[in-house]
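Below: one structure, written as structure tokens.
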Amino acid sequence: LASNTTAQTLEECQKAAEKNYPLIKQYGLIARTTELTVRNIQKGWLPQIAASAQATCQSDVVSWPERMKSMYQQMGIAMKGLAKDQYKVAIDLQQTLYDGGAISSQSAVTRQEGTVQEAQNNVNLYQVHRRVNEMYFSLLLLDEQIRLNSDIKNLLLSSENKLAAMVKSGTAATSDLDNVRAERLGAEQQDASLKAQRQMLQRMLSVFCGIEVSKLRKPEAVEATASANNRPELRLFDSQLKLSEVQERALDARLRPTLGLFAQGYYGYPGLNMFEDMISRKWRLNGIVGVKLSWNIGALYTRKNDKTKLQLQRERTENSREVFLFNNHLEQIQQNENISRYLNMMQSDHEIITLRTHVRQAAESKLVHGIIDINSLLREINSENAAKTRQTIHELDMLKEMYNQKY
């Protein structure tokens with residue numbers, strides 16, 4: 001962890017988590033893999049060299065007719081004919097001049113596949129925002145609970161001191177003092193538990209963000225306007241559709257002819273001069289250079305099915321987009337309704353707390369005058385604290401819904 005940095009705002013935590021999350025390394029890996037693959041494809045323009053060696057033993061070979069052999073023998077020329085064991089050590093060279101756009105289309109497909117992988121990585125990384133939101137607002141809630149619990153401890157300590165004085169003067173029972181002291185000790189236990197939870201959650205958020213998270217700053221309310229256009233899922237769908245288009249152009253490139261130079265040199269027997277080799281069975285150097293035009297029409301056999309598969313792929317992507325937009329719309333409706341509900345409850349939370357505070361203060365006065373017992377006072381203290389806790393929960397839940405929409 002970088003201990004010299006303190007994240008106080010939600011935005012700082014979001015940015016830090018993005019940089020720290022291991023998934024961020026995927027971007028560099030995807031870019032390097034894509035570039036290496038494209039470089040390999042581009043090497044298709046380089047001369048393709050192949051070396052080979054072969055030795056064969058044939059059941060039959062080209063030979064002279066018996067009459068011609070006899071005629072040559074009468075002339076003193078021995079016609080051995082070709083030997084059935086033949087040998088060749090060769091080097092073949094192919095140089096593409098025109099490939100119909102196959103190499104460029106393959107490069108385009110590879111680059112677009114890399115774009116799709118990056119878009120998918122963006123979708124996976126997007127979930128980091130929600131996890132940070134959950135931990136951040138949970139930590140804020142614990143801070144508020146610790147603060148409210150501290151207020152209860154102070155109230156109970158004040159009541160305990162008053163009751164201690166009343167016990168000394170004989171106007172209160174010792175059991176009442178013990179009751180309040182037990183409640184205060186319970187509040188201290190709760191304080192220790194809340195602080196332990198906060199320490200654990202703070203440590204988790206610090207590790208998740210890669211920075212030392214200490215004091216958080218409660219974010220301001222933001223306008224609850226959400227748009228699915230900012231979601232990385234839509235950019236993923238666009239990239240997938242673009243990939244289908246590039247793949248379809250690659251199908252067209254497969255239908256075009258190719259033009260290239262070729263050369264072959266080999267040392268062996270027999271050579272290109274067949275008649276000479278039929279007289280003298282010697283190894284010789286041979287070479288061929290030429291231009292080759294080829295057109296493989298086999299792509300026509302599967303072209304219709306290939307185009308249909310790409311069309312189905314586009315339809316699946318469009319369907320996934322529709323499903324996402326539908327679910328996202330439902331989620332926005334739920335978030336908006338939750339925000340409105342929390343706002344309505346918060347309008348009455350303040351009034352409830354004010355009334356509960358007045359009742360608790362009146363109960364404290366009544367206890368001093370002996371009008372009510374200590375249980376009634378404790379009940380009012382707990383009711384006031386419960387009202388404050390509900391207000392805090394409503395406010396933080398509303399903020400969390402707002403920032404879930406924002407991100």
Side-chain angles (χ1 to χ4, degrees), residues 26-58 61-62 82-118 239 242-278 280-307 309-310:
Q26 289 284 343
Y27 290 107
L29 297 175
I30 292 171
R32 289 181 58 191
T33 302
T34 300
E35 188 60 31
L36 289 173
T37 304
V38 170
R39 288 182 184 179
N40 287 341
I41 294 173
Q42 294 294 334
K43 293 183 186 299
W45 289 111
L46 297 178
Q48 306 299 308
I49 302 175
S52 62
Q54 70 176 39
T56 61
C57 183
Q58 302 179 193
V61 293
V62 176
L82 293 180
K84 293 185 177 181
D85 54 321
Q86 301 181 2
Y87 309 91
K88 178 189 292 186
V89 178
I91 295 179
D92 292 280
L93 185 145
Q94 304 281 340
Q95 174 62 60
T96 301
L97 299 178
Y98 173 72
D99 69 342
I103 291 178
S104 62
S105 63
Q106 289 175 17
S107 299
V109 169
T110 299
R111 292 190 184 281
Q112 188 58 35
E113 286 174 344
T115 302
V116 171
Q117 291 175 9
E118 289 183 355
S239 299
K242 179 68 175 177
L243 177 60
S244 297
E245 296 176 5
V246 175
Q247 289 173 331
E248 189 165 7
R249 288 197 292 269
L251 290 179
D252 296 335
R254 293 171 55 187
L255 291 176
R256 302 188 185 107
T258 60
L259 177 66
L261 297 174
F262 72 92
Q264 184 187 69
Y266 71 91
Y267 179 67
Y269 171 84
L272 297 176
N273 190 339
M274 190 73 67
F275 290 101
E276 182 71 21
D277 291 332
M278 294 175 74
S280 175
R281 298 177 178 179
K282 295 182 179 180
W283 287 38
R284 293 183 176 85
L285 287 174
N286 303 270
I288 302 174
V289 176
V291 179
K292 181 179 180 181
L293 177 67
S294 61
W295 187 13
N296 184 5
I297 63 173
L300 287 172
Y301 303 150
T302 61
R303 179 175 175 81
K304 182 177 179 181
N305 290 339
D306 290 337
K307 291 179 73 69
K309 285 169 59 178
L310 289 176

Does the distance from a Lys or Arg side-chain N to an Asp or Glu carboxylate O, for [X] and [Y], drop under 4.0 Å?
X: E276; Y: K282; value: no
X: D252; Y: R303; value: yes
X: R284; Y: D277; value: yes
X: D99; Y: R256; value: no

Nearest 0.5 Å, please: how far is [atom2] in [Y] from [atom1] in [X]?
X: S107; Y: Q42; atom1: OG; atom2: CD; result: 4.0 Å
X: E248; Y: S105; atom1: CD; atom2: OG; result: 12.5 Å
X: L310; Y: R249; atom1: CG; atom2: CZ; result: 11.5 Å
X: Y267; Y: N286; atom1: OH; atom2: CG; result: 10.5 Å
X: L259; Y: Q95; atom1: CG; atom2: CD; result: 10.5 Å
X: Q264; Y: D92; atom1: CD; atom2: CG; result: 4.0 Å

Would you say that more than 12 heavy atoms from the other residues, nucleotides or ligands in this model lie under 6.0 Å from the [atom1] of [X], or not?
X: W45; atom1: CH2; result: yes
X: I91; atom1: CD1; result: no
X: K242; atom1: NZ; result: no
X: L46; atom1: CG; result: yes

Minimum heavy-atom separation for [X] and [Y], please, with both atom names.
X: Y27; Y: E118; value: CE2-O, 3.9 Å
X: G44; Y: T96; value: O-OG1, 4.1 Å
X: V109; Y: A250; value: CG2-CB, 4.1 Å

Is [Y] close to [X] at the side-chain level, that is, under 4.5 Å between some pair of heavy atoms?
X: T258; Y: L293; value: no
X: Q86; Y: Q54; value: no
X: L261; Y: Q94; value: no
X: D85; Y: T56; value: no
X: K307; Y: L251; value: yes

For the pair T34 and E113, evaluate side-chain hydrogen bond (donor to acceptor under 3.5 Å, both in side chains) and give the outcome as yes or no after the intermediate values. CA-CA 8 Å; T34 300; E113 286 174 344; over 6 Å; no

May I ask you to decide if [Y]'s main-chain N or O and [X]'s side chain share a donor-acceptor pair within less than 3.5 Å?
X: Q106; Y: I41; value: no
X: S104; Y: G101; value: yes
X: Y269; Y: A83; value: yes

Where do D306 and R254 land on the side chain to side chain contact (heavy atoms under 4.5 Å, CB included) test, with the steps shown first? CA-CA 12 Å; D306 290 337; R254 293 171 55 187; 3.7 Å; yes

Carefully, step by step, assess V38 and R111 under the rule side chain to side chain contact (heavy atoms under 4.5 Å, CB included). CA-CA 7 Å; V38 170; R111 292 190 184 281; 3.3 Å; yes

Do K88 and Y266 form a cation-pi contact, if we require the NZ or CZ to be under 6.0 Å from the six-membered ring centre and within 45 degrees of the ring's axis?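 K88 over Y266 ring: yes.
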
